[in-house]
S.K.: 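I am attaching a structure below and will ask some questions about it afterwards.
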Amino acid sequence: MNGDESVLDDPVGTSLSGRHAHLARRVGRAVGYLPDVATFCSVSAEPDDADWADLAALLGPGAFADMFSSPAVPPPGWEPAFTLEGRQLIWPGDGPPGLPGAEPDTGLVELGRDDVPEMLELVARTRPGPFWPRTRELGTYLGVRVDGALVAMAGERLRPPGWTEISAVCTAPEARGRGHAARLVGALTTRVVARGERPFLHVAEANAAALALYERLGYKTRKQVTFRGFTTP
Ligand SMILES: CC(C)(COP(=O)(O)OP(=O)(O)OC[C@H]1O[C@@H](n2cnc3c(N)ncnc32)[C@H](O)[C@@H]1OP(=O)(O)O)[C@@H](O)C(=O)NCCC(=O)NCCS
């Protein structure tokens, strides 16, 4: 099994230089996802002024530089846009999660291009974190439909070598507390482990419900992170 944890310190950069290279745009050592896929971007671990200038050239003036969990501090002239305390959790073992109840994949559907408007609607109602019209292209997204309506979903986002991030975990308010999120995260965890990779995920420190869910499934905190965004000069 893979599982070099150091690639999780720059999950955006290591995804964009590997599995997501086809969804990247670059100037020098600055790299970001294509618009509509994700706003996340990355510079080298110890960026110099030239790297920041490359990122500013990549994004344009007055643009949102979403640095994800990078601790790198840009030079003067870059205005902070947001900070959010969070955690990175990893799946500790090489087996699938032990889920009480139904078979993990029962009732779950794979979501395709035609499902995107409904996925965006569910995200707007539940706010699980950033999700854009082309985010689905980053991996497999699974959903739960009740009477035809999409009420819960989760999917794969960042792909550092040997790892897959589980993301966009959300359940419509009227469908919560029925185990949908647990089954979705469980099913994705099982799939990732089955292909010899390890799952990981991120959660805002204040999101007690989601954190409790992930810990109940068996995820362990690897480290505290601070999500940061800036406005380019
Ligand atoms: C966090 C979130 C995804 C949970 O979705 P959910 O489908 O309600 O989750 P589950 O039903 O699997 O688990 C939630 C709780 O219901 C309980 N539960 C699970 N199955 C149950 C069942 N069959 N009957 C009753 N309760 C059940 C679980 O014990 C769990 O309780 P806990 O808080 O003690 O862990 C949902 O609250 C949400 O969409 N939040 C907003 C978006 C968000 O923050 N996403 C996470 C981003 S990291």
Side-chain angles (χ1 to χ4, degrees), residues 1-45 47 51-52 54-60 63-72 86 88-91 110-113 115-116 119-120 123 128-143 153-170 184-185 187-203 222-223 225 227-230 232:
M1 155 160 311
N2 293 309
D4 168 15
E5 289 187 18
S6 68
V7 295
L8 299 183
D9 292 333
D10 176 19
V12 172
T14 53
S15 298
L16 285 168
S17 58
R19 297 296 295 264
H20 287 159
H22 62 295
L23 298 170
R25 50 186 177 142
R26 293 182 175 273
V27 172
R29 291 193 292 175
V31 62
Y33 280 97
L34 295 176
D36 279 356
V37 174
T39 52
F40 308 141
C41 47
S42 172
V43 283
S44 64
D51 294 321
W52 290 108
D54 284 344
L55 184 57
L58 180 75
L59 300 174
F64 178 46
D66 187 345
M67 303 306 296
F68 201 71
S69 56
S70 168
Q88 183 183 69
L89 291 92
I90 59 174
W91 183 249
E110 228 166 272
L111 299 172
R113 186 186 301 235
D115 298 307
V116 168
M119 295 165 84
L120 289 166
V123 164
F131 187 87
W132 302 270
R134 292 185 59 196
T135 299
R136 189 193 65 81
E137 295 173 32
L138 294 172
T140 298
Y141 282 76
L142 299 178
M153 72 167 191
E156 300 171 344
R157 191 171 63 178
L158 301 176
R159 301 288 299 273
W163 297 82
T164 295
E165 183 197 26
I166 295 174
S167 169
V169 181
C170 56
L184 285 161
V185 175
L188 288 166
T189 300
T190 302
R191 286 175 180 226
V192 173
V193 169
R195 61 176 185 244
E197 296 182 346
R198 288 181 69 188
F200 72 114
L201 42 81
H202 292 92
V203 61
R222 174 172 178 260
K223 65 173 189 175
V225 294
F227 300 104
R228 288 190 179 84
F230 299 89
T232 60

S.K.: Is any side-chain heavy atom of L8 closer than 4.5 Å to one of P160?
M.R.: yes
S.K.: Quick check: does any side chain N or O of S69 sit under 3.5 Å from a backbone N or O of V225, one acting as donor and the other as acceptor?
M.R.: no
S.K.: Between F200 and W91, is any pair of side-chain heavy atoms under 4.5 Å apart?
M.R.: no
S.K.: Working to the nearest 0.5 angstrom, can you tell me the gap between H22 NE2 and L16 CG?
M.R.: 10.0 Å
S.K.: Roughly how far, to the nearest 0.5 Å, is the OG atom of S70 from the CZ atom of R228?
M.R.: 7.5 Å
S.K.: Can you measure from CE (M67) to OG (S42) and round to the nearest 0.5 angstrom?
M.R.: 6.0 Å
S.K.: Residues in salt bridge (Lys or Arg N to Asp or Glu O under 4.0 Å) with D51, at least two apart?
M.R.: R29
S.K.: Closest approach of V7 and P161, non-hydrogen atoms and distance?
M.R.: CG2-O, 3.8 Å
S.K.: Pair up each side-chain donor or acceptor in residues 32-39 with any protein partner under 3.5 Å, not counting sequence neighbours, and list the distances.
M.R.:
residue, atom, partner, partner atom, Å
Y33, OH, H20, ND1, 2.8
T39, OG1, D66, OD2, 2.7

S.K.: Out of curiosity, C41 SG to L58 CG, how far, rounded to the nearest 0.5 Å?
M.R.: 7.5 Å
S.K.: Please name all residues satisfying side chain to side chain contact (heavy atoms under 4.5 Å, CB included) with E137, sequence neighbours left out, ordered by chain then number.
M.R.: L23, R134
S.K.: Quick check: closest heavy atoms across D10 and G13, and the distance to 0.1 Å?
M.R.: OD1-N, 2.9 Å
S.K.: Within a strict 4.5 Å, meaning less than it, do heavy atoms of the I166 and T189 side chains meet?
M.R.: yes
S.K.: Under the side chain to side chain contact (heavy atoms under 4.5 Å, CB included) test, which residues partner T232, sequence neighbours left out?
M.R.: L59, A63, A65, W78
S.K.: Just how far is it from atom CZ of R222 to atom CG of L89, taken to the nearest 0.5 Å?
M.R.: 11.0 Å
S.K.: Quick one, Y141 and F131 - any side-chain contact, counting heavy atoms below 4.5 Å?
M.R.: yes
S.K.: Using side-chain heavy atoms (C-beta onward) and a distance below 4.5 Å, is L158 in contact with F40?
M.R.: yes
S.K.: Please lay out, stage by stage, how L184 and V169 fare under the test side-chain contact (heavy atoms from CB on, under 4.5 Å).
M.R.: CA-CA 8 Å; L184 285 161; V169 181; 5.9 Å; no
S.K.: Of all residues at least two apart in sequence or in a different chain, which pass the side chain to side chain contact (heavy atoms under 4.5 Å, CB included) check with P128?
M.R.: V123, T126, C170
S.K.: Counting distance only, does the side-chain N/O of R136 pair as donor-acceptor with the main-chain N or O of M119 below 3.5 Å?
M.R.: no
S.K.: Between G28 and D54, which heavy-atom pair has the shortest distance, and what is it?
M.R.: CA-OD2, 3.6 Å
S.K.: Measure the CH2-OG distance between W52 and S44 for me, rounded to the nearest 0.5 Å.
M.R.: 9.0 Å
S.K.: Hey, are the side chains of S17 and R26 touching, using non-hydrogen atoms and a 4.5 Å cut-off?
M.R.: yes
S.K.: Any side-chain heavy atom of L142 sitting closer than 4.5 Å to one from E110?
M.R.: yes
S.K.: By side chain to side chain contact (heavy atoms under 4.5 Å, CB included), which residues pair with T164, not counting sequence neighbours?
M.R.: E156, R159, V192, R195, E197
